[in-house]
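All figures in this text were calculated on a predicted structure; none of them were measured in a lab.
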Amino acid sequence: MADYTDEIKRRRTFAIISHPDAGKTTLTEKLLLFGGAIHIAGAVKSNKIKKTATSDWMEIEKQRGISVATSVMGFNYGDYKINILDTPGHQDFAEDTYRTLTAVDSVIIVVDVAKGVETQTRKLMEVCRMRNTPVIIFVNKLDREGRDPFDILDELEAELKISVRPLSWPINIGQKFKGVYNIFEKSLDLFTPDKQRATERVEIEHVNDPRIDEAVGEDDAAKLRDDLELIEGVYPEFDVDEYLAGRVAPVFFGSALNTFGVKELLDCFVQIAPSPRAVEAIERRVEPSESEFSGFVFKIHANMDPNHRSCIAFVKVCSGKFERNAPYKHMRSGKMMRFAAPTAFMAQKKSVVDEAYPGDIVGIPDNGNFKIGDTLTEGSELHYKGLPSFSPELFMYIENADPMKAKQLDKGVQQLMDEGVAQLFYNQFNGRKIIGTVGQLQFEVIQYRLLHEYGAQCRWEPMSMYKACWIESDDSEAMAAFKKRKHQFMALDREGRDVFMADSQFVLTMAQNDFPKIRFHFSSEF
Ligand code: G4P
């Protein structure tokens, strides 16, 4: 039996998440520099969407187009094979990010030392928590004035609802920033503001080593010792298992822009972060070490160029070995398929790949066969659990504006939903179709793509709606009573599950109070 243990063990597949502007792109770039995947800073064509372009979604899509190449960044670092999965910074594409998080084994969260935890980070952390994804936190921009590190730690715990454990500690911040003491490796790194140069390390034996005093001055050395004593007193010893279980997040401090603290983060990351783990399928748990290939589609990237309408389906390899041209079963359709030109993403380049192992992402050119969440196997009956959809917050009725093109509209809408652009609901009261999204931009994207890719025209009709949530109950009578009372607000999702469309927070709270036997879910994964 084939044994891929070594390949699996050396893989680290993760995403970097942050609120826009905290430094995700900069950190990604520096990690690539260390991996030798790029040679100069500034080489990453970020998929960061510039603030000026927020209303121009075509521009955003163009930038997202560029980002196909940076969707997955693979590189070798020592014996490790690292795959960084990029996530769109723009909040209107938050669903993309949520889904990407289902394909990673761990996460690095970047927080700005001056701003602390911001909305986007909080939301993304909720997704990590749902899946117990291990997280490491990097507190960035220590070269700028910011908050007291102890306050930041308190805020991280309170806002992200996870215990933290500092593994490095800064000596001052802003103008007076002198460096960090690396608790994980017990070493001292001095700060030199320089974008290209790595850190200067002072060899020390222990925290009382006089070389610390020589390097940073007696006062700061004394403060550092006090701080470290406090840390040891307050925070339990770092326990890797607690981190792997998603219960404690190690924290590093540094400055991505100055390449400071980044190598330390990376060195610790490769040591402690998990290699690909078992993945839950409906039938059973699938271990990465199983010899048969299996994987699932977590993202479909449409090509915005009308001359090339194909998409790329991103498949995460979960078990076995993926091979080019081997026959694989597409579980949803039952069809066998072969892929002649699967691509891998190494050092920012897309190239045809012959084989891939668990943890790797393979890009498969596609013309509408795939749907987000689809499973591929060598033939075994496996269905990876669906990817979570979150309760959308913006809703519009979608209407056909060209009666001659009803079929095209229907096909277009179904395919765009398969790609995960938005969610479709069927109102049970008036029979109309509702599109729900997390961002305003999606409505423009859908309208444009329906016209340009399917020749169909749609019209939006605004509706006032607060939230859609999935409902279930063990008590069929309670369910029937609920549906009867709320019949005007009942809808079905594409899988035929019951969805309650609450038109205000008040109505939702009342419904929750009045119907204690009904469970209200804000994510489709329950
Ligand atoms: P994002 O992907 O999370 O949105 O953030 P990004 O890396 O683009 O960083 C946002 C801004 O913060 C950038 O400045 C970047 O240079 C800066 N930055 C990142 N890390 C540090 C750091 O350690 N210290 C300081 N002082 N700044 C940092 P910008 O002016 O918005 O963009 P750019 O013109 O420099 O690209």
Side-chain angles (χ1 to χ4, degrees), residues 22-23 26-27 29-31 33-35 41 77-78 108 110-114 116 136-156 164-238 249-272:
T26 314
L27 180 64
E29 178 177 287
K30 297 305 160 87
L31 294 175
L33 269 174
F34 282 117
Y77 182 69
I108 292 180
V110 185
V111 173
D112 183 326
V113 69
I136 296 184
I137 300 171
F138 182 72
V139 180
N140 191 27
K141 307 196 186 181
L142 268 282
D143 59 318
R144 291 252 196 94
E145 298 307 324
R147 312 242 300 271
D148 177 75
F150 281 111
D151 287 351
I152 287 281
L153 292 180
D154 288 347
E155 182 173 316
L156 290 170
V164 296
R165 178 43 160 115
L167 287 189
S168 81
W169 195 251
I171 301 164
N172 301 328
I173 60 172
Q175 289 278 337
K176 296 196 198 122
F177 181 50
K178 288 190 178 160
V180 295
Y181 177 79
N182 189 326
I183 301 173
F184 186 65
E185 290 180 1
K186 301 209 169 22
S187 60
L188 179 69
D189 295 316
L190 294 183
F191 176 65
T192 28
D194 187 330
K195 294 191 178 73
Q196 302 284 353
R197 216 172 70 193
T199 311
E200 184 188 336
R201 174 157 288 194
V202 179
E203 292 306 326
I204 51 169
E205 305 282 333
H206 45 75
V207 282
N208 291 320
D209 196 317
R211 276 173 286 195
I212 299 182
D213 302 66
E214 281 165 34
V216 301
E218 276 174 26
D219 290 351
D220 285 334
K223 167 94 170 44
L224 172 69
R225 290 182 188 113
D226 286 350
D227 284 354
L228 291 174
E229 207 177 304
L230 192 59
I231 289 168
E232 299 309 324
V234 172
Y235 298 97
E237 191 75 11
F238 175 61
V251 181
F252 284 85
F253 292 85
S255 166
L257 188 63
N258 293 289
T259 326
F260 188 79
V262 177
K263 188 165 186 301
E264 294 67 30
L265 171 75
L266 182 58
D267 286 336
C268 173
F269 170 79
V270 291
Q271 276 186 55
I272 67 171

Subject >> With E185 via side-chain hydrogen bond (donor to acceptor under 3.5 Å, both in side chains) - residues at least two apart >> reply: R201

**OP:** Only counting residues at least two apart or in another chain, list the ones meeting side-chain hydrogen bond (donor to acceptor under 3.5 Å, both in side chains) with K186.
**Re:** none

Quick one: does [X]'s side chain have a donor or acceptor within less than 3.5 Å of a partner on [Y]'s backbone?
| X | Y | value |
| --- | --- | --- |
| K30 | A256 | yes |
| N182 | S187 | no |
| S255 | L142 | no |

Distance-only criterion, 3.5 Å: show the donor-acceptor pairs between side-chain atoms of residues 229-237 and protein atoms not counting sequence neighbours.
unit_1 : atom_1 : unit_2 : atom_2 : d
E232   : OE1    : R165   : NH2    : 3.0

Subject >> Gap between atom CG of L265 and atom CZ of F184 - 0.5 Å precision >> reply: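 F184 CZ to L265 CG: 11.0 Å, rounded to 0.5 Å.
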
Subject >> D226 atom CG, over 12 foreign heavy atoms within 6.0 Å >> reply: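 More than 12 heavy atoms, drawn from other residues, nucleotides or ligands, come within 6.0 Å of this atom.
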
Original post:
Would D267 and Y77 count as a side-chain hydrogen bond (donor to acceptor under 3.5 Å, both in side chains) if you check the C-alpha gap in whole Å, the side-chain angles of each, and the deciding distance to 0.1 Å?
Top reply: CA-CA 9 Å; D267 286 336; Y77 182 69; 2.6 Å; yes

Mind checking what makes salt bridge (Lys or Arg N to Asp or Glu O under 4.0 Å) contact with [X], not counting sequence neighbours?
| X | value |
| --- | --- |
| D143 | none |
| D209 | R211 |
| D151 | none |

Original post:
Any side-chain heavy-atom pair from P149 and V139 closer than 4.5 angstrom?
Top reply: no

Subject >> Passing option when V111 is tested against N140, L156, V251 for side chain to side chain contact (heavy atoms under 4.5 Å, CB included) >> reply: L156

Please enumerate all residues that pass side chain to side chain contact (heavy atoms under 4.5 Å, CB included) together with [X], with sequence neighbours excluded.
| X | result |
| --- | --- |
| A221 | I212, D213, V216, R225 |
| E155 | V117, R147, E159 |
| Q175 | E145 |

Excluding sequence neighbours, so at least two apart, what forms ring-ring contact (aromatic ring centres under 6.0 Å, His included) with [X]?
| X | value |
| --- | --- |
| F150 | W169 |
| F269 | F14 |
| F177 | F191, F260 |

